[in-house]
Amino acid sequence: MDKLKAKHYLLQSDRQLVSELREILEQKEIKDFVQFQDFLDQNNIKNFVDFWNYCTGSKCDDRLAIWAQIFIKRIKALNTGNLERFMSSSQVGYYLTNKLSGQNQEQLYGIYLDSKNKIIAEKLIFQGTLNKAVVHPRDIFRWALIYNCASFFVVHNHPSGDTAPSPQDLKITKQISDASKMMGIQFMDHFIVSDSSYLSFRESQLL
């Protein structure tokens, strides 16, 4: 698996990604659309959800599973409409849900804003294990000072799909809130997102 991952992460272009898919299909003796349709039918794949479930399941070989993850990320990257301004918790929540969907590790981002709520930067602060991210407030405020922001919010994903905050989530949010008051930088919100929903600490009156 590690060797396969190493090889796949060397893919630099769309052309190479498409070429990789051709090799994968040829190894499965799929050389035309009829054979490809037979493959879909045999694995009961009728839509993209079925395809994703197949690729993340035990029946799928490592090479195709890794290719699918890279392909999904490449497709998502085609949407260059980055959020430019903080307008409402719901707007930001849905944007972040889409941004972090499909991730199988916890990631924590800091989103930094100027005095007019325009987003200066989106910074990946920490990437954790399958179900745990460990972060210290200083990591967040370091970038707040670098970007000279007026306010910020943080977001992390729960790969489990459950957006309910853990005791650790509540603890780190309290620490960030206390530190923000000392630093004089407004802490706008903390979002927890899954593949299909989000939780806003401020909306839920947890902040």
Side-chain angles (χ1 to χ4, degrees), residues 5-6 9-10 12 69-70 72-74 76-77 79-195 197-207:
K5 284 186 177 180
Y9 280 117
L10 292 174
Q12 297 295 321
Q69 290 186 21
I70 296 173
I72 293 297
K73 290 180 180 179
R74 188 68 59 87
K76 287 175 63 179
N79 180 11
T80 58
N82 292 332
L83 194 65
E84 294 184 355
R85 191 179 300 272
F86 183 96
M87 300 295 290
S88 68
S89 292
S90 59
Q91 175 203 27
V92 175
Y94 288 119
Y95 166 74
L96 295 172
T97 296
N98 180 64
K99 179 181 179 68
L100 294 178
S101 65
Q103 299 295 328
N104 57 11
Q105 287 185 317
E106 281 201 14
Q107 296 182 342
L108 187 141
Y109 277 82
I111 314 293
Y112 300 97
L113 304 92
D114 64 15
S115 59
K116 296 183 179 180
N117 283 348
K118 185 175 181 180
I119 294 178
I120 301 171
E122 302 178 11
K123 181 66 180 178
L124 176 61
I125 304 296
F126 190 85
Q127 179 166 297
T129 58
L130 181 65
N131 59 3
K132 185 179 181 181
V134 180
V135 68
H136 193 281
R138 65 171 172 265
D139 301 317
I140 296 167
F141 286 99
R142 171 173 175 258
W143 290 102
L145 295 174
I146 290 173
Y147 292 126
N148 193 28
C149 71
S151 60
F152 70 97
F153 52 91
V154 296
V155 54
H156 78 278
N157 62 313
H158 279 182
S160 66
D162 183 2
T163 57
S166 68
Q168 179 66 22
D169 293 333
L170 296 170
K171 179 181 178 181
I172 189 66
T173 302
K174 177 69 164 53
Q175 291 175 343
I176 295 171
S177 180
D178 291 344
S180 70
K181 294 171 184 175
M182 295 179 60
M183 298 286 291
I185 304 174
Q186 186 178 4
F187 179 28
M188 303 283 284
D189 207 343
H190 182 178
F191 293 88
I192 299 175
V193 302
S194 68
D195 283 354
S197 62
Y198 75 91
L199 177 139
S200 159
F201 276 61
R202 193 164 294 281
E203 283 183 353
S204 303
Q205 299 182 341
L206 298 171
L207 180 61

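If you're wondering where the values come from, they're calculated on a predicted model, not measured in any experiment.
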query = How long is the span from the SG atom in Cys149 to the CD1 atom in Ile119, to the nearest 0.5 Å?
reply = 11.5 Å

remark   = Applying side chain to side chain donor-acceptor pair (under 3.5 Å) to Glu203 and not counting sequence neighbours gives Tyr198

message = To the nearest 0.5 Å, what is the distance between CG on Leu199 and CZ on Phe191?
response = 9.5 Å

ask   = Below 4.5 Å, heavy atoms only, C-beta onward: do Glu106 and Pro159 meet side chain to side chain?
value = yes

ask   = What heavy-atom pair brings His158 and Ala164 nearest, and what distance separates the two atoms?
value = CE1-O, 3.4 Å

message = Tell me which pairs pass ring-ring contact (aromatic ring centres under 6.0 Å, His included) where either residue lies in residues 165-190, with sequence neighbours left out.
response = Phe152-Phe187, His156-His190, His190-Phe201

note = Those residues at least two apart in sequence (or on a different chain) that pass salt bridge (Lys or Arg N to Asp or Glu O under 4.0 Å) with Lys174 are Asp178

query = What's the spacing between Arg138 CZ and Leu145 CG if we round to 0.5 Å?
reply = 14.0 Å

key: Side-chain heavy-atom pair Leu113, Lys118 within 4.5 angstrom cut-off   = no

ask   = Would you say the side chain of Met188 lies within less than 4.5 Å of the side chain of Asn117, judging by non-hydrogen atoms?
value = yes

task = Output all residues satisfying side chain to side chain donor-acceptor pair (under 3.5 Å) with Tyr109, sequence neighbours left out; order by chain, then residue number.
result = none

key: For Ser166, all residues meeting side chain to side chain donor-acceptor pair (under 3.5 Å), sequence neighbours excluded   = Asp169

key: Atom pair CD1 (Ile125) and CD (Gln107), whose distance is rounded to the nearest 0.5 Å   = 11.5 Å

remark   = Between Ser180 and Phe141, the two heavy atoms sitting closest are N-CZ, 3.4 Å

key: Non-neighbouring partners of Thr163 that pass side chain to side chain donor-acceptor pair (under 3.5 Å), sequence neighbours left out   = none

key: From CD1 (Ile140) to CD (Gln175), nearest 0.5 Å   = 9.5 Å

inquiry  = Side chains of Ile172 and Pro137, heavy atoms from C-beta outward: is any pair under 4.5 Å?
reply    = yes

remark   = Interatomic distance, OG@Ser200 vs CD@Gln205, rounded to 0.5 Å, equals 10.5 Å

query = Below 4.5 Å, heavy atoms only, C-beta onward: do Asp114 and Tyr147 meet side chain to side chain?
reply = no

